[in-house]
Amino acid sequence: MLFSSPRFFVFLVVVLAVLALRLRLRGKLDFLLVASCLFYAAWDYRYLALLLGVSAINHHCGLRIHGADDPRVRRRWLAVSVIASLGTLAYFKYTGFLLHNLNHVLALAGLSVPVLHVLLPAGVSFYTFKTMSYTIDIYRRELLPSRTLMHYSTYVTFFPELIAGPIVRASVFLPQMDREIGPTVDRLRVGASIFLLGLTKKLLIADRVALAADPVFTRPELFSTPAVWLGVLAYTIQIYCDFSGYSDMAVGTAKMIGYDLPRNFRMPYLSANVAEFWRRWHITLSTWLRDYLYIPLGGNRRGGVRTYGNLAVTMLLGGLWHGASWNFVLWGGLHGVALAVHRAQGELRGGRALLPPVLAVPVTFVFVMLCWVPFRSPDWATTRVILGKLFGLAGPGADFVPVAVVLCAAALVLAHAIGVPLDRSVARGSMPAWLGRALGALGFELRSDPIAGWYVVLGASTFAGAFVVSTWLLLLFFFAPTGSSPFIYFQF
Amino acid sequence: MRNVVRRIAVLAAGALAACAVFEVGLRPLYWLPYVHHPRLGSILPAGTVARYCREGCGTSRWADDGARHATPLDPARPAILAVGDSFTEALMTDDALVYPQRLEAGLDGGWQVVNVGRSGASPADYIALAPLYAERYAPRWTVIQLRADDLERDACDPSKTHFARRAEGGVEAVEVPPRPSRTSQLLAPLRRRFALVNLATLRLREFRAAASTEPPLFRATARAPAEGTPAASYPIEAELEALAAAYGGRVTFLFLPDFDPHDVATPGATELRFTGACLAHAWSCVDLRSAFPQLAARRESPYGFPNSTFNTGHMNDAGHAAAAALLHEEIARLRTLALL
């Protein structure tokens, strides 16, 4: 049940219709839990028990931590919770990888162990991070435990963000569960506007450029240097639009139901350095890693060398979180080194940037783009061929210029040209007159909230607005690929 | 109440304006005013100048109902018929670049090459329609374009005209007349007039097909691809014999294999059987694989377009040029042998 599939639209309409009924809040929350379980079971009902089991253990641990005064008891229950969450993640995600690598070592002594092929439960990386943050926040006395297991399970299994985030912390979600939910005209308008933006990113851009990226990452040896650069650019566009598109659809769906989910992206490819990139890219993961890994490791409180080490370790583990492969470790390691280098040069230059923004943004973009090569490549051999091709070291190939990449890159530049003044308007608290007039003529509204950030709410109350929205829908209808592919982050 | 009516009117006006803009914008990208023919199915009628810009971009002129030719057909000129599916129809390629037109341009003696390629057509169709083509164009020779799939699954697909094995051996074509749906019939006048309606009906069909084969969300439920019937079990030699017989033996088979630039030499199982049958019967056969080494050397693929995917899909300019060059050589050989 992909967000972009007809089946999901039917599911969503049914969920919204039931939530629109005059039911007690408790009844609506229970229904939401059932709907989320059905959504998850559409993949594989067997792993539903795992999801609910992890929820039950962590809920119990949360109550125990909260109820205990003895620090040792509190620590013990926290350990149980973290072991349950991390153990689940480690077993399902890394067992095969560890045994595979162990066999490489054992092969030196002529030994081997059988490799287990464990199926990865959908969303396990996301929901285990949610459950861990819940008990850690209770341990730190920053959060009160959820009242009932049903209540807590509704938070953990909430279907819009169950499979691929955003990683919503309990401190953000649980307080919202006391308010009335269900669709209203305004919620539907807001949610549909954000959902439509995400759907457009996914179908019109990500799935289109995937047609250009996939062949390059499947058989890079066939392509020339410029064609490989375009293929890597295509993937750079694809992963952003695919993942941020998914996040927008999750935020939009949640808004329709009546919940606010945190923003996950803020125009990351406009970052002037790697640190800024990580403040704008997959924000809920990077803040999670900061709060629950980097700071507990010591953060930047223990001197230069230790800080650089902490950055590298955090990013290496962040890379490994994406998947059990050395390629992800390399990707995380590259970002970790870049963060350390950026921090070191900042300290040496007294906080002054090395490059002016006009150069820093493209340099950061190219670095991020090159880092996607190991991230997307199926193996190390492919990574080497692509990197060789990029720098003209791996022989000739076909000069294939995919039109979709050029068009989608242009569309992204245009979207950012609109997004930057909107972003600045929200930051300053005032909007340039021309922008206000343009939005007013279209009948659109710029809104913001502390959790989801800013977003444009579409409307069809004026001729221009109806024209723009209709054109947008027609573009989707006529030009979206029909066989939509699964979201990239579903595999993590 | 008045306010509600006003808002609905504004909404409708905006939506209509968007449709009007799309209609104007779509015509240079997609203009295929199909009509229904009782035997050929959906065809472009004589006099149509069609535009197709989804996979590749091409303008095609239709000199006769379902027959593509850049200039009006001249009954006095000797004709070569190019029969095939969407690879020969080649809506995504301009007239001057498709292999039948290139072949005609390279032939002397006033020959005209009539392109009756039709998307979705099967080899059994070519047999069923041979009398109709003979009556219309009296071809002196016929080029029949084939791919491995055409001789395998497509040839035996009971939903369209297909081959059935005869008790006494060999195969026969079982004709399944094309039947337009009721909705299609109802919308036909609008589809012929508006590119928007024309493309919208196609999109709805595509969405319906995609919904029925919606990819599973995750790997767990990923269905294993259905085991295909092994190539060896298809009556490929009998199919080729039937095709040759339907056109009085005056045929050249044009085979289009998949292209792998790193292995241009190894033929597939069906291709081997095709080549074997050609040799055994001394048929005139052309295999595009002969052009693969040059294509690989030029770092080109015969398939795929810049607005689709490299080396996937229909023949591009390079593929059509290579096919036309090979056919030209073959026609010259046939003429030397006084067969043509």
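For clarity, every value in this text was computed on a predicted model and none was experimentally measured. Protein chains get the first letters and strands the later ones, always in sequence-line order, with residue 1 at the start of each.
Between Ser470(A) atom OG and Leu16(B) atom CG the span is 9.0 Å, to the nearest 0.5 Å. In this structure, CZ on Arg203(B) lies 9.5 Å from CG on Leu476(A), to the nearest 0.5 angstrom. How far CZ of Phe479(A) is from CG of Leu26(B): 5.5 Å, rounded to the nearest 0.5 Å.
Between Ala466(A) and Gly14(B) the shortest heavy-atom distance is CB-CA, 3.8 Å. Taking both residues in full, the closest heavy atoms of Phe463(A) and Ala17(B) are given as CZ-CB, 3.7 Å, listed atom of the first, atom of the second, then distance.
In this structure, the side chains of Pro215(A) and Asn311(B) stay at 4.5 Å or more apart for every pair of heavy atoms. Looking only at side-chain heavy atoms (C-beta outward), Arg208(A) and Asn307(B) stay at 4.5 Å or farther from each other.
Chain B forms more heavy-atom pairs under 4.5 Å with one residue of Gly465(A), Pro121(A), Ala480(A) than with any other, namely Ala480(A). Taking chain B as the reference chain and counting heavy-atom pairs below 4.5 Å, the highest number among Val401(A), Leu407(A), Thr462(A), Leu222(A) is found for Leu222(A). Here His262(B) is the residue among Glu206(B), Arg298(B), His262(B), Glu300(B) with the most heavy-atom pairs under 4.5 Å with chain A.
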Go through the steps for Ser461(A) and Val10(B) under the test side chain to side chain contact (heavy atoms under 4.5 Å, CB included), then give the verdict.
-> CA-CA 7 Å; Ser461(A) 57; Val10(B) 164; over 6 Å; no
Kindly determine whether Phe207(B) and Phe477(A) satisfy side chain to side chain contact (heavy atoms under 4.5 Å, CB included), including the steps that lead there.
-> CA-CA 9 Å; Phe207(B) 278 118; Phe477(A) 175 71; 3.7 Å; yes
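In Asp258(B), the CG atom is not crowded: 12 or fewer heavy atoms of neighbouring residues, nucleotides or ligands sit closer than 6.0 Å. Within a 6.0 Å radius of CZ in Arg179(B), other residues, nucleotides and ligands contribute 12 heavy atoms or fewer.
A donor-acceptor distance shorter than 3.5 angstrom exists from the side chain of Arg299(B) to the backbone of Gly397(A), with no hydrogens or angles considered.
Contacts between Phe305(B) and chain A at a heavy-atom distance below 4.5 Å involve the backbone alone (N, CA, C, O). Both the backbone and the side chain of Leu475(A) come within less than 4.5 Å of a heavy atom of chain B. Proximity to chain A (any heavy atom under 4.5 Å) is shown, for Ala296(B), by neither the backbone nor the side chain. For chain B, no part of Tyr47(A) is nearby; none of its heavy atoms comes within less than 4.5 Å. Looking at Pro402(A), both its backbone and its side chain come within 4.5 Å of chain B, counting heavy atoms on both sides. Looking at Leu196(B), the atoms closer than 4.5 Å to chain A (heavy atoms on both sides) sit in the backbone and in the side chain alike.
Using a 30° and 60° split on the angle between ring planes, Phe310(B) and Phe400(A) fall in the perpendicular class, above 60°.
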